[in-house]
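One structure below.
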Amino acid sequence: MIVKDSEKTSDISKGLVLLMATVCGFTVANVYLNQTLLVSMSATFHISAASIGIIATLAQIGYALGNLLLVPLGDIFERKKLILFLLFAICIVLALNALSINKTWMMVTSLALGIVTVVPQIIVPLAANIASDHNRGKVLGNVAIGLVCGILGARLVSGFIDVHFGWRMVYWTSAAAILFMILLVYVYFPRSKGGNATSYKHLLMSLGPLFIKERALQKACVSQGMMFASFSAFWTTLVFLLHTHPYSYGSDMVGVIGLVGIAGAFATPIIGRLIDTKGEKFASLLCMSISLLAFIGLIRGGYWLPGLILGALLITVGTQANQVACQFTIFQLGEEKRSRLNGLYMVSTFLGGSLGSYVGLLAWTKWQWNGVCAIAILMIAISCCSLILMNIPRKMIGNLMNKKGSNM
């Protein structure tokens, strides 16, 4: 079956949505495997915990680069072939990660792994194109379940394997799982052609003007970028919190909390339906409020395990549901440019994630857990302000500036 981007199909099958969510989950997990393994890696390479944190940051920077350089190709190339090519590349880089002999090697392979692990961001526009207009929010919410399960499930599985078999086995296991995903994609994914007959050079050159032109895209980029920064700050530093008093747990406990957080994934279809009925602006404000309240509670509740688990759940719900709301917004801007829109959007999201990981580790080093929560609250506040300020019409802003100038 060939699905052209210019065609409107009546609906997308539940089986295909489930498969898309599954592939998204298994691939995006590779960006987050290292966050649970940082303590073990620091012991292997004989470096400090703060120094090894650059590996988690580079993986997310690589993911942002992949979204900028590779995801837009979905607008001009057949998506199924592109997905299969990237899945093979992921397998190769995972093997190189497993064979790392020092920090420098691990830094390079982590960056490379982030670059090629952009398959979900090619699948999401494909799902949006196939879905009918009346249930696009619901479909995106269901596909997002896979993304959340992959992000948090990676911590559960990698933590367990690390404790029992070592961190290198985590990468070998993931490579085997991706090989199975290749088979499923080859057999069941529909073929799809982009609608732009243009060169790669012109495709990349169109990204800047597209970002400048679309204010809704700018708003979505800032909103989710800051939300994901707070999310990454939490999960990157959680392993260090659980290794200290009053917990003194192993890295597998991060996975257990991640498993609880997976329950938050099933809120994304609810947000999707809310978007279809109440609108994406209402949904975004609700998501930000949930995450903000979670971090405020974690200032004290983070040292109490039930409070920490509840906070993880709410942060996951708020962050991932906001992603669905923002993607719904940008996909309304044009069917023929959805891959580029999603690429730009995800670049900002994972640049925010890399910023959150880096700043979160700095906050942990200087101020411990309370510092992490304070930084996360500031990031969510910026996200909320961007949503409110960018909803003010440009004409109104211009009038206010002119009025201020005349008064002076």
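- Counting all heavy atoms, side chain and backbone alike, P190 lies closest to K80 at O-CB, 3.9 Å.
- By the 4.5 Å heavy-atom criterion applied to side chains, N34 and N97 are not counted as neighbours.
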Q: Carefully, step by step, assess W235 and S357 under the rule side chain to side chain contact (heavy atoms under 4.5 Å, CB included).
A: CA-CA 8 Å; W235 287 104; S357 294; over 6 Å; no
Steps toward side chain to side chain donor-acceptor pair (under 3.5 Å) verdict (W167, T44): CA-CA 9 Å; W167 64 266; T44 298; 3.0 Å; yes
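- The 12-atom threshold is exceeded at CZ of F45, counting heavy atoms of other residues, nucleotides or ligands nearer than 6.0 Å.
- Taking the ring centroids of F234 and F231, they lie at or beyond the 6.0 Å cut-off.
- Pairing each heavy atom of S230 with each of I380, the nearest pair is OG-CG1, 3.7 Å.
- Dense packing is recorded around CZ of F295, with more than 12 heavy atoms of other residues, nucleotides or ligands lying under 6.0 Å away.
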L308/L238 under side chain to side chain contact (heavy atoms under 4.5 Å, CB included): CA gap, chis, key distance, verdict
CA-CA 10 Å; L308 187 62; L238 180 62; 3.7 Å; yes
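- For the residue pair S284 and C326, the shortest heavy atom distance occurs at OG-SG, 4.5 Å.
- Within a 6.0 Å sphere centred on OH of Y200, other residues, nucleotides and ligands contribute more than 12 heavy atoms.
- A salt bridge links E214 to K337: one of the charged nitrogens lies within less than 4.0 Å of a carboxylate oxygen.
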Evaluate Q327 against Q121 for side chain to side chain contact (heavy atoms under 4.5 Å, CB included), listing each step before the verdict.
CA-CA 11 Å; Q327 284 180 320; Q121 307 316 322; 3.7 Å; yes
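- When every heavy atom of L203 is checked against every heavy atom of L73, the shortest pair comes out as CD2-N, 3.9 Å.
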